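Written out below as C-alpha cells is the structure these notes cover.
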Amino acid sequence: MLELKPCVNMKMITKACKKCGKLPDASFYLYLATDKEEELASCLFEVSGDSVTALLYECLDDADYWLFDGLLRSGFNYAFEQGITTGRIPETFRVQNHRLFSKLNYPITPAFDITNFFSKYKNCK
C-alpha cells in the first residue's frame, strides 16, 4: 500500500542534501513515498523562517506525475502544519522536473501562500 510520510532521518537527509550541495541541519526534511517499506520517491524540503522550499525530487518512475504531485502537496502540507505559511518552488527545481510540472496545475510564481495553494490549485490538469 502506498504511504506518504515525513522523514527526519539525518542519514537520509544528509545524502539528499549532498546532492543539492547543501549542508544538512534541522531545517531540512524529506517526504517519502513508500510501498511495503520500498522507497518509491522522495522530496527534500528546506525550511527558512516562514517559508519552505522544495529542493530535490527523486523517483524510481520519473514519469509518475501523480506521485510527484502527492509528495509536493504532502511536503507543503507538513510544513503548513508546523506553522509555515509560504511555499517556494525555485526555477531550478521546475526546470529539473519540467515534464512533471507540465501535467500539473501549480502556481507560476516561485513563492506562494500555502493556504491559497490548496484551495486554488487543484492537482493534475
Side-chain angles (χ1 to χ4, degrees):
M1 182 164 100
L2 181 66
E3 184 179 12
L4 303 177
K5 58 187 176 186
C7 171
V8 291
N9 177 305
M10 281 309 290
K11 187 175 181 178
M12 293 177 73
I13 292 170
T14 298
K15 184 178 174 182
C17 284
K18 285 182 180 180
K19 292 178 183 179
C20 295
K22 300 275 188 174
L23 295 174
D25 62 26
S27 65
F28 294 92
Y29 66 93
L30 281 171
Y31 229 85
L32 301 177
T34 60
D35 185 16
K36 298 178 186 170
E37 301 303 316
E38 178 188 10
E39 186 181 318
L40 303 175
S42 65
C43 192
L44 178 67
F45 293 87
E46 180 179 20
V47 175
S48 178
D50 70 342
S51 70
V52 61
T53 303
L55 295 176
L56 176 70
Y57 176 73
E58 295 183 304
C59 184
L60 295 177
D61 178 1
D62 63 357
D64 190 342
Y65 57 87
W66 290 105
L67 191 54
F68 179 69
D69 181 54
L71 273 179
L72 283 176
R73 288 176 180 279
S74 296
F76 286 127
N77 186 63
Y78 177 76
F80 182 73
E81 290 173 348
Q82 310 305 314
I84 306 301
T85 57
T86 303
R88 296 187 184 282
I89 300 175
E91 187 62 27
T92 54
F93 186 81
R94 286 182 188 277
V95 169
Q96 291 166 347
N97 301 287
H98 70 279
R99 288 186 306 126
L100 295 166
F101 274 113
S102 70
K103 303 276 189 185
L104 302 173
N105 181 21
Y106 271 59
I108 296 170
T109 59
F112 53 89
D113 179 277
I114 294 175
T115 304
N116 289 340
F117 171 74
F118 287 110
S119 63
K120 184 177 179 183
Y121 298 98
K122 304 305 177 195
N123 55 0
C124 303
K125 292 180 184 177

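Note that the structure is a prediction, hence the values are computed from the model and not measured.
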Problem set entry | Pair Phe117 + Tyr106: ring centers closer than 6.0 Å | yes
For this session: Taking the six-membered ring for Trp and the single ring otherwise, decide whether the centroids of Tyr57 and Phe101 are under 6.0 Å apart.
Result: no
For [X] against [Y], the heavy-atom pair lying closest together:
X	Y	value
Ala33	Leu67	CB-CD1, 3.4 Å
Ala111	Thr86	CB-CG2, 4.2 Å
Cys7	Ile13	O-CD1, 3.8 Å
Leu30	Ala16	CD2-CB, 4.0 Å
Gly87	Phe76	CA-CE2, 3.9 Å

Indicate if [X] and [Y] have the same hydrophobic cluster label, given that clusters are the connected sets of ILVMFWY residues with side-chain heavy-atom separations under 4.5 angstrom.
X	Y	value
Tyr31	Phe112	yes
Leu55	Ile114	no
Phe68	Ile108	no
Leu32	Leu56	yes
Phe28	Leu72	no

Check whether [X] reaches the backbone of [Y] with its side chain - one donor and one acceptor, N or O, closer than 3.5 Å.
X	Y	result
Asn77	Arg73	no
Asn9	Met12	yes
Tyr29	Gly75	yes

So how far is it from [X] [atom1] to [Y] [atom2], rounded to the nearest 0.5 Å?
X	Y	atom1	atom2	answer
Ser74	Glu3	OG	CD	10.5 Å
Thr109	Arg88	OG1	CZ	9.5 Å
Gln96	Glu91	CD	CD	10.5 Å
Trp66	Leu104	CH2	CG	8.5 Å

Report, one line per pair, each donor and acceptor closer than 3.5 Å where one atom sits in a side chain of residues 38-50; sequence neighbours left out.
residue: Glu46; atom: OE1; partner: Lys22; partner atom: NZ; Å: 3.3

Problem set entry | Set of salt bridge (charged side-chain N to carboxylate O under 4.0 Å, His left out) partners for Lys19, sequence neighbours left out | Glu58
Seminar exercise, completed: Cluster membership besides Met1, Ile/Leu/Val/Met/Phe/Trp/Tyr side chains within less than 4.5 angstrom, sorted by chain and number, is none
Exercise. Between Leu4 and Leu71, is a side-chain contact (heavy atoms from CB on, under 4.5 Å) present by the stated rule, with each step listed?
Worked result: CA-CA 7 Å; Leu4 303 177; Leu71 273 179; 3.9 Å; yes
